[in-house]
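What follows is a short report on a single structure.
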Amino acid sequence: MRLLIVEDEKRLAVSLARGLTAEGFAVDVVHDGLEGLHRASEGAYDLVVLDIMLPGMNGYQVCAALRAAGHEVPILMLTAKDGEYDEAEGLDTGADDYLTKPFSYVVLVARIRALLRRRGGSGSPVVTVGSLRMDTAARRVHLGDDEIALTAKEFAVLEQLALRAGQVVSKADILEHVWDFAYDGDPNIVEVYVSALRRKLGAAAIRTVRGAGYRLEAL
């Protein structure tokens, strides 16, 4: 999943990006509201972590502008403020959740995963495709009774396929959601990770649809 962090406290933003990248997310960071609105409007993100006190354009305004333009991306608001009025204002502008600084990193990750599950139409962190089970909260994968060890990027690629099991997912779509905005390497990197997943799950698990992308099959 690809996340956008809009946070002007650069040390905090970098720390969050490193932690979330280690969790398997692709993360982009910007430090002002106008750039955050521009990036989020591109529609490439699965979730936006949005600070309220930002230069250029505050978080309330960014959130309201995104919702007015019809963007439904989940938004988790961060703020140093504390009070029912501030929380209500954030939610009234269209935010999906609200977290007051200082916050627990573990809680932040849990809130992010909960919002992503809600967007996917399921309250459960477990995605099941035939005998394959992915626990997106615990970051564990089982094939039948066997647990399959995956790297963070392998898990992220498989997650994109599992969330749309039976559908064709393009290479460009996988790149967009698994690698961050700054990635300018070989797009064939997707094939490398698909090949690694086939070795671990079985060659029949992921089918190549020529000229279109990949489809995860029920095993």
Side-chain angles (χ1 to χ4, degrees), residues 1-67 69 71-81 86 90 93-120 136-137 139 151-157 159-160 172-187 189-190 193:
M1 296 293 183
R2 188 170 171 188
L3 311 182
L4 174 65
I5 296 175
V6 189
E7 168 60 68
D8 65 330
E9 293 182 39
K10 294 185 178 181
R11 184 177 297 179
L12 173 61
V14 169
S15 176
L16 291 178
R18 286 175 178 168
L20 291 167
T21 299
E23 295 282 343
F25 295 106
V27 183
D28 296 326
V29 176
V30 296
H31 303 295
D32 68 83
L34 289 172
E35 178 65 13
L37 177 60
H38 173 71
R39 287 284 190 92
S41 296
E42 295 175 347
Y45 295 99
D46 298 290
L47 183 140
V48 177
V49 178
L50 177 64
D51 189 30
I52 289 179
M53 303 303 292
L54 293 167
M57 191 177 195
N58 69 42
Y60 296 134
Q61 294 169 321
V62 173
C63 184
L66 287 170
R67 296 303 187 234
H71 295 288
E72 298 180 354
V73 61
I75 295 175
L76 174 61
M77 276 192 162
L78 303 179
T79 181
K81 295 182 177 181
D86 300 312
T93 58
D96 297 275
D97 204 353
Y98 184 102
L99 204 55
T100 301
K101 302 174 185 175
F103 52 81
S104 160
Y105 175 74
V106 173
V107 171
L108 173 71
V109 173
R111 296 279 187 91
I112 288 173
R113 294 202 188 283
L115 287 173
L116 291 172
R117 291 197 300 273
R118 191 185 308 167
R119 187 190 193 196
T136 59
R139 314 299 288 172
T151 66
K153 273 290 188 283
E154 288 169 353
F155 190 98
V157 171
E159 185 176 25
Q160 287 298 309
D173 201 20
I174 294 172
L175 271 173
E176 187 174 82
H177 288 272
V178 176
W179 278 267
D180 62 30
F181 184 80
Y183 180 76
D184 60 356
D186 189 345
I189 189 69
V190 175
Y193 280 92

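The first residue in the sequence is number 1, and the count goes up from there. Bear in mind that the values here come from a model prediction, so they are computed numbers and not experimental data.
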Exercise for the section: Could you please spell out the steps behind the side chain to side chain contact (heavy atoms under 4.5 Å, CB included) verdict for L4 and V49? Expected result: CA-CA 6 Å; L4 174 65; V49 178; over 6 Å; no
Handout entry: Partners passing salt bridge (Lys or Arg N to Asp or Glu O under 4.0 Å) against R18 (at least two apart in sequence or in another chain)
Key =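 By the salt bridge (Lys or Arg N to Asp or Glu O under 4.0 Å) rule, R18 matches no residue at all.
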Practice task
Only counting residues at least two apart or in another chain, list the ones meeting salt bridge (Lys or Arg N to Asp or Glu O under 4.0 Å) with D46.
Solution key: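 For D46, the residues satisfying salt bridge (Lys or Arg N to Asp or Glu O under 4.0 Å) (neighbours in sequence not counted) are R119.
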Practice task
Taking the side chain as every heavy atom from C-beta outward, state whether D32 and L54 have any pair of such atoms under 4.5 Å apart.
Solution key: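 With C-beta onward as the side chain, the pair stays apart.
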Practice task
Report yes if some heavy atom in the side chain of V30 is under 4.5 Å from a heavy atom in the side chain of I5; otherwise report no.
Solution key: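 With C-beta onward as the side chain, the pair stays apart.
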Restricting to non-hydrogen atoms, name the atom on [X] and the atom on [Y] that form the minimum distance, rounded to 0.1 Å.
{"X": "G33", "Y": "V62", "value": "O-CG2, 3.5 Å"}
{"X": "G24", "Y": "A152", "value": "CA-CB, 3.9 Å"}
{"X": "S41", "Y": "L66", "value": "OG-CD2, 3.7 Å"}

Exercise for the section: Tell me, with the steps shown, if I112 and L76 meet side chain to side chain contact (heavy atoms under 4.5 Å, CB included). Expected result: CA-CA 7 Å; I112 288 173; L76 174 61; 4.0 Å; yes
Exercise for the section: With sequence neighbours excluded, tell me which residues meet side chain to side chain contact (heavy atoms under 4.5 Å, CB included) with A156. Expected result: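 In terms of side chain to side chain contact (heavy atoms under 4.5 Å, CB included), with neighbours along the sequence ignored, A156 is linked to V178.
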Problem - Which residues share a side chain to side chain contact (heavy atoms under 4.5 Å, CB included) with E72, sequence neighbours left out - result: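 Listed in chain order: nothing, the list is empty.
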Distance-only check: which donor-acceptor pairs under 3.5 Å involve side-chain atoms of residues 6-15, not counting sequence neighbours?
unit_1 : atom_1 : unit_2 : atom_2 : d
E7     : OE1    : K101   : NZ     : 3.0
E7     : OE2    : E9     : N      : 2.8
E7     : OE2    : K101   : NZ     : 3.4
E9     : OE2    : K101   : NZ     : 3.1

Practice task
Take E23 and R113 through the test salt bridge (Lys or Arg N to Asp or Glu O under 4.0 Å) and record every step on the way to the result.
Solution key: CA-CA 11 Å; E23 295 282 343; R113 294 202 188 283; 3.1 Å; yes
So does [Y] get a backbone contact from the side chain of [X], meaning a donor-acceptor N/O pair under 3.5 Å?
{"X": "N58", "Y": "Q61", "answer": "yes"}
{"X": "Y105", "Y": "G19", "answer": "yes"}
{"X": "R67", "Y": "G94", "answer": "yes"}

Exercise for the section: Report the distance from atom OH of Y45 to atom CD1 of I75, rounding to the nearest 0.5 Å. Expected result: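 Output value for this atom pair is 13.5 Å.
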Exercise for the section: Could you list all the salt bridge (charged side-chain N to carboxylate O under 4.0 Å, His left out) pairs where at least one residue sits in residues 103-112, not counting sequence neighbours? Expected result: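 Listed once each, the pairs are D97-R111.
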